[in-house]
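Values reported hereafter were calculated over all heavy atoms of this structure, with side chains retained and with hydrogens, waters and symmetry mates removed.
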Amino acid sequence: MSFTVYARMKKIGKQKREDLSPIPFVLEKKPETLRELLTLLTRLLVKEYNARKDEGQTLLFLTKEEIREQAGRGKITFGLRGGADASEEDAVENAIQCFTDGIYRVFAGEEELTELEAPIGWKEDLVFTLIRLTMLSGW
């Protein structure tokens, strides 16, 4: 049984709120805690990355800001081709550690999720927002 969650990802900076359309993610099951949500999202994104990497498209999309930055350097690209597959376990461990270290925050609607093991208060049309707080986290 699969379950669809909606999430948007934001970097602190020039991105406008209207640019943050929720993206649907189809997960294996309904996550009950923040740890489970982060684990399922990370595993899904690693699987998608590994499937795309040999095609040369390593990002789902480029933002307007990323296109402008890359155009200023003279080349717009989606990333490198080939290479070893990303490890789901390493990626999950990194995602949890980054949350614990305060690299990003997670909101369920307007409510900030601060505890990895606390249950998620599911409501109709709930959208998660992940906000990267540091410019050096690489996302």
Colleague: Can any side-chain N or O of W122 pair as donor or acceptor with the backbone N or O of E32 at less than 3.5 Å?
Modeller: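 Looks like no, no N/O pair under 3.5 Å.
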Colleague: At what distance, to the nearest 0.5 angstrom, does CG of L27 lie from CG of L44?
Modeller: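 These two atoms lie 6.0 Å from each other.
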Colleague: Would you list the pairs meeting salt bridge (Lys or Arg N to Asp or Glu O under 4.0 Å) in which at least one residue belongs to residues 94-104, sequence neighbours left out?
Modeller: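 Every pair satisfying salt bridge (Lys or Arg N to Asp or Glu O under 4.0 Å) with a residue in residues 94-104: there are none.
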Colleague: Write down the atom of V46, the atom of S87, and the distance for their closest heavy-atom approach.
Modeller: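 The pair with the smallest heavy-atom distance is CG1-C, 4.2 Å.
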Colleague: Could I get the full list of side chain to side chain donor-acceptor pair (under 3.5 Å) partners for E88, not counting sequence neighbours?
Modeller: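 Listed in chain order: R43.
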Colleague: Check whether N50 reaches the backbone of A86 with its side chain - one donor and one acceptor, N or O, closer than 3.5 Å.
Modeller: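 At least one qualifying donor-acceptor pair exists.
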Colleague: Identify each donor-acceptor pair in which a side-chain atom of residues 111-121 lies under 3.5 Å from a protein atom, sequence neighbours left out, and give them as a table.
Modeller:
| unit_1 | atom_1 | unit_2 | atom_2 | d |
| --- | --- | --- | --- | --- |
| E112 | OE2 | R105 | NE | 3.4 |
| E117 | OE2 | R35 | NE | 2.3 |
| E117 | OE2 | R35 | NH2 | 3.1 |

Colleague: Under 3.5 Å, side chain of Y104 to main-chain N/O of A95, donor-acceptor pair present?
Modeller: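 Yes: the side chain of Y104 pairs with the backbone of A95.
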Colleague: Can you see which heavy atom on P24 is nearest to which on T4, and at what distance?
Modeller: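 That would be CB-CG2, 4.0 Å.
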Colleague: Output all residues satisfying side chain to side chain donor-acceptor pair (under 3.5 Å) with N94, sequence neighbours left out; order by chain, then residue number.
Modeller: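 For N94 there are no side chain to side chain donor-acceptor pair (under 3.5 Å) partners, ignoring immediate neighbours.
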Colleague: Identify, with sequence neighbours excluded, every residue that meets side-chain contact (heavy atoms from CB on, under 4.5 Å) alongside T129.
Modeller: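 Partners of T129 by the side-chain contact (heavy atoms from CB on, under 4.5 Å) criterion, ordered by chain and then number, come out as R8, F107, I131.
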Colleague: Mind running side-chain contact (heavy atoms from CB on, under 4.5 Å) on L41 and L37 for me, showing each step along the way?
Modeller: CA-CA 6 Å; L41 277 174; L37 174 69; 3.9 Å; yes
Colleague: Go through the structure and list residues passing side-chain contact (heavy atoms from CB on, under 4.5 Å) with E93, not counting sequence neighbours.
Modeller: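 Partners of E93 under the side-chain contact (heavy atoms from CB on, under 4.5 Å) test: none.
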Colleague: Quick one: pull up CD1 in I23 and CZ in F128 and give me the separation to the nearest 0.5 Å.
Modeller: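 It is 14.5 Å, given to the nearest 0.5 Å.
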Colleague: Transitive ILVMFWY cluster of V26 at side-chain heavy atoms under 4.5 Å: who else is in it?
Modeller: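 In the cluster with V26 there is nothing else; it is isolated.
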Colleague: Could you pull out all residues at least two apart from K30 that satisfy salt bridge (Lys or Arg N to Asp or Glu O under 4.0 Å)?
Modeller: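 Once residues adjacent in sequence are excluded, K30 has no partner under the salt bridge (Lys or Arg N to Asp or Glu O under 4.0 Å) criterion.
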Colleague: Starting at CD of Q97, measure out to CG of D90 and round the result to the nearest 0.5 Å.
Modeller: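 Here the rounded value is 13.0 Å.
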Colleague: Taking atom CG of L133 and atom SG of C98, what is their separation to the nearest 0.5 Å?
Modeller: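 Between L133 CG and C98 SG, I get 11.0 Å after rounding to 0.5 Å.
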Colleague: Report the residues that fulfil side chain to side chain donor-acceptor pair (under 3.5 Å) with K29, sequence neighbours left out, ordered by chain and then residue number.
Modeller: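 With sequence neighbours excluded, K29 shows a side chain to side chain donor-acceptor pair (under 3.5 Å) to E36, given in chain and number order.
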Colleague: Any chance you could measure L126, atom CG, to E124, atom CD, to the nearest 0.5 Å?
Modeller: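 Reported to 0.5 Å precision, the distance equals 10.5 Å.
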Colleague: Does CZ in F3 sit with more than 12 non-hydrogen atoms of other residues, nucleotides or ligands closer than 6.0 Å?
Modeller: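 Above 12, so yes.
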Colleague: Does F25 reach the side chain of L45, with side-chain heavy atoms less than 4.5 Å apart?
Modeller: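 Yes, side chains in contact.
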Colleague: Between V127 and V106, is there shared hydrophobic-cluster membership here, with clusters defined by ILVMFWY side-chain heavy atoms closer than 4.5 Å?
Modeller: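 Different clusters.
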